[in-house]
Amino acid sequence: MLKRSREGLSIPLDASLYGALGAGMVARDAVTEYLNCECVMAFFTTTEDVEGLLPEGMELAAKPPNAAIFIAHYPFSTLGPYYEMFTLIQVDFEGELAYYLPYIYVDNDAAMAGGREVVGAPKKFAKMGIVKYNDLVMGYLERPPGKRLLSITIKPEQRIPDAMVEAFLQEATPIYSIRLLPPIEGGDGLAQLVKWYGYIRLHEDDEERVTYHHVKLGTKRIWGGETTVLYDSPSLSDPVHKIEVKDVLLGAYMQYDMGLRPDKVVKEWRL
Amino acid sequence: MLRGIPFDSPLYEVDEDRGIEYRNCDAITGFFTIKNDISDLLPEGLKPYSEPAQGGIWISHYSFSTVGEYHEYITVIQVEDEQGDMGYYIPYIYVTNDSALAAGRELAGAPKKLATIGLVKENDVVMGYLERPTGKRLVTFVMKPNTRAAGGLIDFVLPKPTYLYSVRHLPPIKGKGGVTQLIKWYAEIDFHVDPNGEKVIFNGPGTVTYDSPSVIDPVHKVEIDSLMTAVYFQFDMKLGFVDILREY
């Protein structure tokens, strides 16, 4: 496209905001890496109203439907350090269990543009934090600062058994979101349902390290306990509260590494 | 309305007829001859307007807009399109607001990044600056607005409308679904008029420096040969769309 300059994955083409690709690579080959992450998360049942947020062809996977919220800190990633909050709705798409991503927030421009433009993760900027206070870990989301949209408070007392972790957190999680290029004159815009993967690799301790005489704890660094999820001050501009929290099935604090990889465009709409 | 994701709470919404509207803005801009060959930076379909090529730097504060309040830095190269129109190609542009960033990148292909940008007035000097990250000073532009600007140069440099060009890009995934378009859009700048009926535009001596160049944000690639004019002005503005000139 440029007459002579080297082109990257994203604009500005000669000083790409995100996406380091080698010669001959495409976006599907690019993995964004995250090291030494931590998050608070809750997995919960929600109301069937969330079906209205899903794209055509996608069904809720369970009755009542399941959803999850994560508030995470990434001290190092190949997009830079940042905080992130996202909501997932568990879905069935073409016979496979997966997650649809309706809301997501970050505080890093490369992460925001990369997410929106490559996979359609509908990222906005917000103020987020993970606070450790005495026996509690709290994650929060504010937009703008001072308008508290969400808080998750956990008392991480006990390692979660490995079998239970495997039931809730697959290592390779398929995620769907809608990538959008708005039309300018009509007919020249595009919406695409994009499939991508999040690979969560919980940090692990070896068995010896978590064995105390007759007591053997889970090896993975994920701790559960009493969990409260609150939409403190709802906002129509950032309606994360639309995913109502009915019963919390699992609340946890965890430490992990992660990879994200776009996979394919599964559906396309001309606009 | 043009809307971005999320669908039920868009990060930006733009009225197609009214465009993006700005009120009570101020800015400094410097227009200069370019020392080096910048053809490398131009997309197919645009060529430099003059020989030697000319360009500019713009640093502004928008106290109100329909995408929010923010600061902006822009590098422009004066070009001619295949329809014979004069305008400005935008190789580099920075903002301080997520809605402006997403709307710019997704609607017009303005290759926006976030940065620390300031427009400060101290004593007799107005200074604009660009840092990325904060503390890494990429550009400092100082000028002394001591004389009302008059004559044809401002009307030539910033006509109404001022055409702008950028490349809108959605990366392909597995070779599918990618889009690359050369977008022609425009700015309509309405200079404020004071009680005496004069436009609020001042020029004066100015200096632009690329203090601490960075290959990650290579604004310094547009080398400055001779600064022809440095201007401070107060204005309202509207941004709108003209056409998609090319699809690559």
Side-chain angles (χ1 to χ4, degrees), chain A residues 1-6 9-15 17 19 26-29 52-53 102-104 106 108-110 112-113 116-126 177-185 188-192 194-196 235-240 242 262-265 268, chain B residues 2-11 14 16 39-44 90-93 97-99 101-102 105-115 166-183 185 214-219 221 241-244 247-248:
Chain A
M1 295 155 277
L2 295 184
K3 289 184 179 159
R4 283 196 291 279
S5 281
R6 189 185 77 85
L9 182 67
S10 70
I11 52 176
L13 291 170
D14 70 318
L17 179 53
V26 292
R28 187 171 189 258
D29 305 320
L53 296 172
Y103 307 114
I104 178 169
V106 295
N108 167 311
D109 59 340
M112 179 174 140
R116 289 178 72 92
E117 294 170 14
V118 179
V119 298
K123 292 178 179 177
K124 297 183 184 181
F125 255 55
S177 43
I178 296 183
R179 181 161 88 154
L180 177 71
L181 204 61
I184 291 180
E185 293 181 311
D188 51 63
L190 204 57
Q192 298 164 332
V194 178
K195 182 179 185 181
W196 45 293
S235 167
L236 271 181
S237 307
D238 297 284
V240 294
K242 280 187 185 178
D263 192 56
K264 58 180 158 185
V265 173
E268 192 166 288
Chain B
L2 300 174
R3 294 187 174 93
I5 48 176
F7 290 111
D8 67 328
S9 52
L11 181 52
V14 177
E16 287 169 79
S39 330
D40 290 14
L41 296 177
L42 297 181
E44 295 164 2
I90 298 178
Y92 310 112
I93 177 170
N97 163 317
D98 60 339
S99 181
L101 183 146
R105 290 179 71 93
E106 295 170 16
L107 292 175
K112 292 177 179 177
K113 298 183 183 180
L114 290 188
S166 43
V167 176
R168 183 162 85 153
H169 183 58
L170 206 61
I173 298 177
K174 205 182 173 183
K176 214 174 132 180
V179 170
T180 307
Q181 300 161 331
L182 179 61
I183 309 289
W185 44 298
S214 167
V215 72
I216 299 157
D217 297 285
V219 294
K221 277 189 188 178
F241 301 99
V242 179
D243 204 359
I244 297 172
E247 195 148 328
Y248 301 97

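Below, chains carry the letters A, B, ... as their sequence lines are ordered, and counting in each starts from 1. As a basis for the values below, the full set of heavy atoms in this structure was taken, side chains included, without hydrogen atoms, waters or symmetry mates.
- Residues passing the salt bridge (charged side-chain N to carboxylate O under 4.0 Å, His left out) test with A:R179, sequence neighbours excluded: none.
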>> Let's go through A:W196 and B:I173 carefully: what are the C-alpha distance in whole Å and the side-chain angles of both, what is the deciding distance for side chain to side chain contact (heavy atoms under 4.5 Å, CB included) to 0.1 Å, and is it a yes or a no?
In response: CA-CA 10 Å; A:W196 45 293; B:I173 298 177; over 6 Å; no
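- Minimum heavy-atom separation, B:L170 to A:E117: CD1-O, 3.3 Å.
- Residues B:D98 and A:F125 come closest through the heavy atom pair OD2-N, 2.7 Å.
- Here the NZ-CG distance, from B:K113 to A:L17, works out to 5.5 Å after rounding to the nearest 0.5 Å.
- Heavy atoms closer than 4.5 Å to chain A are found in the backbone of B:V242, but not in its side chain.
- Looking only at heavy-atom pairs under 4.5 Å with chain A, the residue among B:A110, B:G4, B:S9 that has the most is B:S9.
- With a 4.5 angstrom heavy-atom cutoff, B:R3 touches chain A only via backbone atoms.
- Contacts between B:L2 and chain A at a heavy-atom distance below 4.5 Å involve the side chain alone, from C-beta outward.
- Separation of atoms NZ (B:K221) and CG (A:D14) is listed at 3.5 Å; rounding is to 0.5 Å.
- For A:L190 against B:G177, the heavy-atom pair with the smallest separation is CD2-O, 4.0 Å.
- For the set A:L180, A:I178, A:L181, the count of heavy-atom pairs under 4.5 angstrom toward chain B peaks at A:L181.
- Proximity to chain B (any heavy atom under 4.5 Å) is restricted, for A:P102, to the backbone atoms N, CA, C and O.
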> Yes or no on side chain to side chain contact (heavy atoms under 4.5 Å, CB included) for B:R105 and A:D109, after CA distance, side-chain angles and deciding distance?
Replying inline: CA-CA 12 Å; B:R105 290 179 71 93; A:D109 59 340; over 6 Å; no
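- Taking each heavy atom of A:R116 and B:A102 in turn, the nearest pair found is NE-CB, 3.7 Å.
- Of the atoms belonging to B:I93, not a single heavy atom falls under 4.5 Å from chain A.
- At a 4.5 Å heavy-atom cutoff, the contact between A:A121 and chain B is made by backbone atoms alone.
- Of the atoms belonging to A:I184, heavy atoms from both backbone and side chain fall under 4.5 Å from chain B.
- A:A15 and B:I216 make their closest contact through CB-O, 3.5 Å (heavy atoms, listed as atom of the first residue, atom of the second, distance).
- Contacts of A:E268 with chain B are made by side-chain atoms alone, with heavy-atom separations under 4.5 Å and no backbone atom involved.
- Only the side chain of B:L101 comes within contact range of chain A, with heavy atoms under 4.5 Å apart.
- Residue A:K242 comes nearest to B:D8 through the heavy atom pair NZ-OD2, 2.8 Å, listed as atom of the first residue, atom of the second, then distance.
- With a 4.5 Å cut-off on non-hydrogen atoms, B:P91 touches chain A through its backbone but not through its side chain.
- For A:L236, the part sitting under 4.5 Å from any heavy atom of chain B is the backbone (N, CA, C, O) and nothing else.
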